[in-house]
2 protein chains.
Amino acid sequence: MQDLSQTEENYLKAIFKISEGTPTPASTNAISAEVSTSAASVTDMVIRLSKKELVDYKKRKGVRLTSKGLQIATHLIRKHRLWEVFLVEKLSFSWDEVHDIAEQLEHIKSPDLVERLDTYLGHPRFDPHGDPIPDADGKFAFRKQVLLAELTRGEQGIVVGVQDHSTAFLQYLDQLQLILGAQIELLERFVYDESVKIMLNNSREMILSKKVCQNLFIQKQPSLK
Amino acid sequence: MQDLSQTEENYLKAIFKISEGTPTPASTNAISAEVSTSAASVTDMVIRLSKKELVDYKKRKGVRLTSKGLQIATHLIRKHRLWEVFLVEKLSFSWDEVHDIAEQLEHIKSPDLVERLDTYLGHPRFDPHGDPIPDADGKFAFRKQVLLAELTRGEQGIVVGVQDHSTAFLQYLDQLQLILGAQIELLERFVYDESVKIMLNNSREMILSKKVCQNLFIQKQPSLK
DNA sequence: ATTTATTTTTAGATTAGCCTAAATTTGTTA
DNA sequence: TAACAAATTTAGGCTAATCTAAAAATAAAT
Ligand SMILES: [Mn+2]
Ligand SMILES: [Mn+2]
Ligand SMILES: [Mn+2]
Ligand SMILES: [Mn+2]
């Protein structure tokens, strides 16, 4: 029940991220890639986490979070995303600058702090990248969304999130004015390179590459025409 | 020039605190008391800090911050106090709850964060305990203040700070409504136990012990009568 | 079914930060 | 000034978190 080190917390988050969605356990190599350490270090840490009953681990069988581990990981994500909202909404950072700072802030230990921050921010349900913020019980909001790549000609929607969180992509989107909340209509999809022509905010046409389409989440709107 | 560990940063702050005011170097024992480690560990750390040119150290002669070390310590205090303002002003923590959280927040590394926070808070010059917040260049605001113990009968002033930062004292002051900004007139000082009778906010008389008088900073006001 | 490649674990070391116990230096008092 | 006390440093060890190199297990390919 003692406090975890930042390192231990980061491992739990990494394992969560890797096994999100899939029921298969996280492999040593996957974790080592995620936390940027050697596979040997991962084995070491994973054994320690399993002694603390935060993960289930059997030699060469990969790792799974226990419910205790899952709870801690979810709470870390809650803190991370709330801090990101704070940085963008209150300190006017842009969405490509906040991740690294939130990586540090998420480790601050205080029972009250998160909840007060949440209240102060007005209980936001999504972070600046459109990712859902789990509530105090660890429940994630669900939103029906599709990749822009899955939209068919004539369909409309709102930009609600990104798949790729890289600075390069986020800054590129800023330049294109493809920020969260932007309104999009798919005018045409070109078979040649799978690029698309869209209408942005009912006012401007623009061509987007396949790569962009595969990394932008859209919430569909009923076509009004 | 690499990043310092939290521990190293805490030692620099401790040395700063000990040598604040006095020109005499900080002793090993004083530091060990301040950071709650053994004297042996202090010697160890102090040697490492001097290799990084953050302190001047000569065996058995005590430790002094170099200008580089002083700059880092001051910046840590700036961050600490700004975060305390944030916690009280924005998240409505009370002044006795914020120190431990600020102890953690002060170690967050980000070139921009502090300055944006400072702007967001409106460039406060004093923290919730009345301690001055150094500016970006490391300059502390100066304010003419005296202890309540130094006030003479008939003199008036405003509560502007505390010497003792303990939770017990701060909570006691809250109960007495002796918060920062409270207006005080010294009605009488009793020789028997050096307690005083004061008029609080021109509306209520109250007796305060010698101990309280020695831990409350007052900014004198010209008596208006 | 062997051989080869990949993944994972083991072994042995390193570093920061801490500890206790003992030695040394410095300061104080008889 | 000699004896005692206090402050400081040295010596030796411990733990968490990391590394590299080598061994072992599993998976893939010939
Ligand atoms: Mn993030
Ligand atoms: Mn995010
Ligand atoms: Mn404080
Ligand atoms: Mn303070």
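Everything quoted here is computed from the prediction, not taken from an experiment. Lettering of chains follows the sequences in order, A, B, ..., and the numbering in each one begins at 1.
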Please report the distance, rounded to the nearest Å, between [atom1] in [X] and [atom2] in [N].
X: B:Ile18; N: D:dA7; atom1: CD1; atom2: C1'; value: 14 Å
X: B:Lys61; N: C:dT24; atom1: NZ; atom2: P; value: 19 Å
X: B:Leu49; N: C:dA16; atom1: CG; atom2: C1'; value: 12 Å
X: B:Gln6; N: D:dA17; atom1: CD; atom2: C1'; value: 15 Å
X: B:Asp3; N: C:dA16; atom1: CG; atom2: C1'; value: 15 Å
X: B:Ile47; N: C:dA16; atom1: CD1; atom2: P; value: 13 Å

Within 45° of the axis and under 6.0 Å from the centre of the six-membered ring of A:Phe86, does NZ or CZ of B:Lys90 qualify?
no

Any cation-pi pair here, A:Lys211 with A:Tyr172, using under 6.0 Å and within 45°?
no

Does either side chain, that of B:Asn29 or that of B:Ser27, offer a donor lying less than 3.5 Å from an acceptor on the other one?
no

When you measure from the side chain of [X], which nucleotide among [options] comes out closest?
X: A:Glu8; options: D:dA17, C:dC18, D:dT26; result: D:dA17
X: A:Arg60; options: D:dT8, D:dT20, D:dA24; result: D:dA24
X: B:Thr43; options: D:dA17, C:dT9, D:dT10; result: D:dT10
X: A:Asp44; options: D:dC19, C:dT10, D:dT18; result: D:dT18
X: A:Ser5; options: D:dC19, C:dG17, D:dA17; result: D:dA17
X: B:Asn29; options: C:dC19, C:dT10, D:dT8; result: D:dT8
X: A:Met45; options: C:dT9, D:dA17, C:dA21; result: D:dA17
X: B:Arg48; options: C:dA16, D:dT20, D:dA11; result: C:dA16

Touch class at under 4.0 angstrom, heavy-atom based, for [X] against every strand present:
X: B:Thr28; result: sugar-phosphate
X: B:Thr37; result: sugar-phosphate
X: B:Ser41; result: base
X: B:Thr7; result: sugar-phosphate

Phosphate oxygens OP1/OP2 of [N]: is one of them under 4.0 Å from a side-chain N or O of [X]?
X: B:Lys59; N: D:dT10; answer: yes
X: B:Tyr11; N: C:dA16; answer: no
X: A:Tyr57; N: C:dT9; answer: yes

Determine, step by step, whether A:Lys109 and A:Glu9 satisfy the salt bridge (charged side-chain N to carboxylate O under 4.0 Å, His left out) criterion, reporting the C-alpha distance in whole Å, the side-chain angles of both residues, the deciding distance to 0.1 Å, and the verdict.
CA-CA 12 Å; A:Lys109 265 110 188 163; A:Glu9 291 189 338; 3.3 Å; yes

When you look at CD of A:Glu150, are more than 12 heavy atoms from neighbouring residues, nucleotides or ligands closer to it than 6.0 Å?
yes

Does a side-chain N-to-carboxylate-O contact under 4.0 Å join A:Glu103 and A:Lys13?
yes

